**Student:** 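One structure follows; several queries about it will come next.
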Amino acid sequence: MDRKCPSLKLSDGHFIPVLGFGTSAPEEVPKSEALEVTKFAIDVGFHHIDSAHLYQNEAQVGEAVRSKIADGTVKRQDIFYTSKLWCTSLRPELVRPALEKSLKNLQLDYVDLYIIHCPVALKPGEKLLPKDENGKMIFDTVDLCRTWEALEKCKDAGLAKSIGVSNFNRRQLERILSKPGLKYKPVCNQVECHPYLNQSKLLDFCKSKDIVLVAYGALGSQRLPQWMNPNLPVLLDDPVLCAIAKKHKQTPALVALRYQLQRGVVVLAKSYNTKRIKENMQVFNFELTSEDMKAIDGLNKNLRYYDLLIFADHPEYPYSEGY
């Protein structure tokens with residue numbers, strides 16, 4: 001019997017389910033499919049739903065959540081919904097309007113978690129990836145501490161229960177944490193994290209500050225040429241993962257997800273295949289041994305599938321440092 005998904009307590013007292021359903025960017029799936037698979041994910045027990053303005057599917061994801069509330073499958077308070085502030089809205093005066101736009105698309109009164117999607121500020125406007133005539137990104141300069149203050153106001157206004165960040169390195173996190181007059185610290189840092197990039201130093205740092213690490217790309221990646229290098233090895237073909245999976249009579253994907261849970265990491269599972277969505281809930285039905293964990297730790301190569309190189313020239317590009 002599948003066990004109910006456990007939750008972790010965040011530093012602000014709210015609880016985040018340790019396994020989340022990651023909804024995808026639009027180039028991967030048609031929007032109509034986002035509606036159906038999100039409903040399916042809620043039906044099989046996913047109560048933590050992760051989306052973003054960037055994914056352009058919040059209207060569909062919101063409709064899925066509302067329909068499952070309407071048919072009595074869940075109550076609003078059972079759902080933990082994450083949205084993200086995109087890079088074109090990092091100026092403080094644009095933060096609340098961006099969140100309000102997401103809420104309008106979702107047709108929800110609040111989000112459970114609102115996070116800065118990436119520390120790199122882009123030119124404000126309708127274009128998600130503004131480029132000049134040479135195809136170069138048009139950057140903006142924003143003080144992330146001011147952006148953070150605007151998120152704090154959104155929390156005070158009840159529009160977001162919790163606030164956090166994504167794709168921040170240690171230095172960027174420290175800048176927020178040591179900000180004079182800090183009212184709320186980030187409850188989480190959502191970063192790429194999998195056995196080839198296990199983020200152990202960043203994880204230790206986050207744990208020491210009571211910040212939850214949330215892992216995306218936990219199964220490797222869907223190999224989108226716009227965002228990643230398609231020539232990298234496929235994580236789920238790794239012989240060590242496959243051997244451990246065979247030993248436990250599980251799939252390599254489940255082993256990769258279980259690895260994160262046992263490290264105290266909240267993990268997002270992104271799949272639009274109903275069989276795999278259902279299968280991912282089985283991550284609570286087995287346990288890895290300390291030898292398994294050690295073997296998987298040994299796979300780390302600091303390999304990023306999502307290197308965000310299109311942002312590399314920005315002074316806040318997060319990956320020019322060790323962690």
Side-chain angles (χ1 to χ4, degrees), residues 22-35 50-63 81-108 111 113-151 153-154 159-160 163-168 172 190-192 216-217 221-230 270 304-320:
T23 66
S24 298
E27 59 264 35
E28 292 174 44
V29 281
K31 288 183 185 183
S32 56
E33 215 177 310
L35 170 64
D50 180 274
S51 192
H53 175 65
L54 175 69
Y55 306 162
Q56 298 172 65
N57 61 10
E58 288 198 301
Q60 292 75 23
V61 173
E63 192 184 330
Y81 180 81
T82 300
S83 184
K84 305 183 189 86
L85 174 73
W86 183 237
C87 302
T88 50
S89 300
L90 295 194
R91 290 186 187 179
E93 68 275 13
L94 300 177
V95 172
R96 181 164 175 162
L99 175 50
E100 285 171 341
K101 188 175 181 182
S102 279
L103 289 171
K104 192 178 170 202
N105 286 332
L106 292 159
Q107 290 180 44
L108 295 175
V111 297
L113 177 60
Y114 197 50
I115 60 183
I116 299 173
H117 204 145
C118 183
V120 172
L122 299 176
K123 179 190 166 209
E126 286 307 300
K127 284 205 167 93
L128 292 170
L129 293 170
K131 292 177 181 163
D132 65 17
E133 58 279 12
N134 303 314
K136 290 286 254 187
M137 284 291 146
I138 307 175
F139 295 132
D140 196 17
T141 312
V142 174
D143 178 349
L144 292 169
C145 288
R146 303 289 85 79
T147 309
W148 185 254
E149 286 165 4
L151 261 80
K153 290 190 178 113
C154 291
L159 302 178
I163 51 175
V165 297
S166 177
N167 298 306
F168 273 48
Q172 291 161 334
Q190 187 183 124
V191 294
E192 178 181 351
Y216 72 78
S221 97
Q222 268 111 331
R223 313 187 96 60
L224 298 173
Q226 184 182 7
W227 296 104
M228 64 153 297
N229 176 350
K270 194 158 85 167
R304 275 182 205 285
Y305 290 102
Y306 300 94
D307 51 20
L308 305 183
L309 284 178
I310 53 170
F311 298 158
D313 294 336
H314 194 282
E316 294 289 359
Y317 177 67
Y319 308 145
S320 41

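What you see is a predicted model; the values in this text were computed from it and never measured.
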**Student:** Just verifying a value: how many Å separate Leu122 CG and His117 NE2, rounded to the nearest 0.5 Å?
**Tutor:**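 If I round to the nearest 0.5 Å, the distance is 11.0 Å.
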
**Student:** Could you walk me through whether Leu99 and Leu85 pass side-chain contact (heavy atoms from CB on, under 4.5 Å), step by step?
**Tutor:** CA-CA 7 Å; Leu99 175 50; Leu85 174 73; over 6 Å; no

**Student:** Measure the shortest side-chain to side-chain distance between Ser102 and Val111 over non-hydrogen atoms and say whether it is less than 4.5 angstrom.
**Tutor:**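 Counting from C-beta outward, Ser102 and Val111 never come under 4.5 Å.
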
**Student:** With rounding to the nearest 0.5 Å, note down the distance linking OG1 in Thr147 to CD in Glu149.
**Tutor:**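 Answer for the OG1-CD pair, Thr147 versus Glu149, is 9.0 Å.
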
**Student:** Only counting residues at least two apart or in another chain, list the ones meeting side-chain contact (heavy atoms from CB on, under 4.5 Å) with Ser51.
**Tutor:**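 With neighbours one apart ignored, the set is Thr23, Tyr55, Asn57, Glu58, Val61, Tyr81.
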
**Student:** I need the minimum non-hydrogen distance between Cys118 and Leu308, along with the two atoms involved.
**Tutor:**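 Where Cys118 meets Leu308 most closely, the heavy atoms are SG-CD1, 4.0 Å.
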
**Student:** Using the test side chain to side chain donor-acceptor pair (under 3.5 Å), find all partners of Tyr216 that sit at least two apart in sequence or belong to another chain.
**Tutor:**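 Expected list: Asn167.
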
**Student:** Applying side-chain hydrogen bond (donor to acceptor under 3.5 Å, both in side chains) as the test, list every pair that has at least one member in residues 90-99; sequence neighbours left out.
**Tutor:**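 Passing the test, one end in residues 90-99: Arg91-Asp140, Arg96-Glu100.
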
**Student:** Using the test ring-ring contact (aromatic ring centres under 6.0 Å, His included), find all partners of His314 that sit at least two apart in sequence or belong to another chain.
**Tutor:**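 Partners of His314 by the ring-ring contact (aromatic ring centres under 6.0 Å, His included) criterion, ordered by chain and then number, come out as Phe139.
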
**Student:** Apply side-chain contact (heavy atoms from CB on, under 4.5 Å) to residues Ile163 and Trp148 and explain how you reach the verdict.
**Tutor:** CA-CA 9 Å; Ile163 51 175; Trp148 185 254; 3.5 Å; yes

**Student:** Which pair of non-hydrogen atoms, one from His53 and one from Trp86, has the smallest distance, and what is that distance?
**Tutor:**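 Closest approach of His53 to Trp86: CD2-CB, 4.1 Å.
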
**Student:** Kindly write out the residues that satisfy side-chain contact (heavy atoms from CB on, under 4.5 Å) with Thr82, not counting sequence neighbours, or none if the list is empty.
**Tutor:**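 His48, Asp50, Phe80, Leu113, Ile115.
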
**Student:** I'd like to know if the side chain of Glu192 and the backbone of Tyr306 have a donor-acceptor N/O pair within less than 3.5 Å.
**Tutor:**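 Yes, Glu192 side chain to Tyr306 backbone: donor-acceptor pair under 3.5 Å.
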
**Student:** List for me each residue that meets side chain to side chain donor-acceptor pair (under 3.5 Å) alongside Gln107, sequence neighbours excluded, and say none if there are none.
**Tutor:**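 By the side chain to side chain donor-acceptor pair (under 3.5 Å) rule, Gln107 matches no residue at all.
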
**Student:** Does the side chain of Pro92 reach to within under 4.5 Å of the side chain of Asp143, using non-hydrogen atoms?
**Tutor:**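 In short, these two side chains do not touch, never coming nearer than 4.5 Å.
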
**Student:** Got a second to check how far Leu90's CG is from Thr141's OG1, nearest 0.5 Å?
**Tutor:**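 Rounded to the nearest 0.5 Å, the CG-OG1 separation comes out at 11.0 Å.
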
**Student:** Quick one: closest heavy-atom pair of Phe168 and Ile116, and the distance?
**Tutor:**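 The answer is CE1-CG2, 3.9 Å.
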
**Student:** Does Ala59 have any side-chain contact (heavy atoms from CB on, under 4.5 Å) partners at least two apart in sequence or in another chain, and if so, which?
**Tutor:**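 side-chain contact (heavy atoms from CB on, under 4.5 Å) list for Ala59, sorted by chain: empty.
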
**Student:** Closer than 3.5 angstrom, by distance alone: can the side chain of Glu316 be matched with the main-chain N or O of Ala121 as a donor-acceptor pair?
**Tutor:**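 A pair under 3.5 Å: no.
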
**Student:** Holding to side chain to side chain donor-acceptor pair (under 3.5 Å), I want the full list of residues that pass it with Asn105, two or more places apart in sequence or in another chain.
**Tutor:**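 Expected list: none.
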
**Student:** What pairs with Ile138 under side-chain contact (heavy atoms from CB on, under 4.5 Å), at least two apart in sequence or on another chain?
**Tutor:**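 Result, side-chain contact (heavy atoms from CB on, under 4.5 Å) vs Ile138: Lys123, Pro130, Asp132.
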
**Student:** Would Asp313 and Lys136 count as a side-chain contact (heavy atoms from CB on, under 4.5 Å) if you check the C-alpha gap in whole Å, the side-chain angles of each, and the deciding distance to 0.1 Å?
**Tutor:** CA-CA 10 Å; Asp313 294 336; Lys136 290 286 254 187; 3.2 Å; yes

**Student:** Which distance, rounded to the nearest 0.5 Å, do you find between the NZ of Lys127 and the CG of Leu129?
**Tutor:**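 The distance works out to 10.5 Å.
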
**Student:** Please find the pair of heavy atoms, one from Ala52 and one from Ser83, that lie closest to each other, and give the distance.
**Tutor:**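 That would be CA-OG, 4.2 Å.
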
**Student:** If the condition is side chain to side chain donor-acceptor pair (under 3.5 Å), which residues does Glu63 pass it with, not counting sequence neighbours?
**Tutor:**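 For Glu63 there are no side chain to side chain donor-acceptor pair (under 3.5 Å) partners, ignoring immediate neighbours.
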
**Student:** What pair of heavy atoms forms the shortest contact from Ala160 to Tyr114, and how long is it?
**Tutor:**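 Scanning both residues, the minimum pair turns out to be CB-CB, 3.8 Å.
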
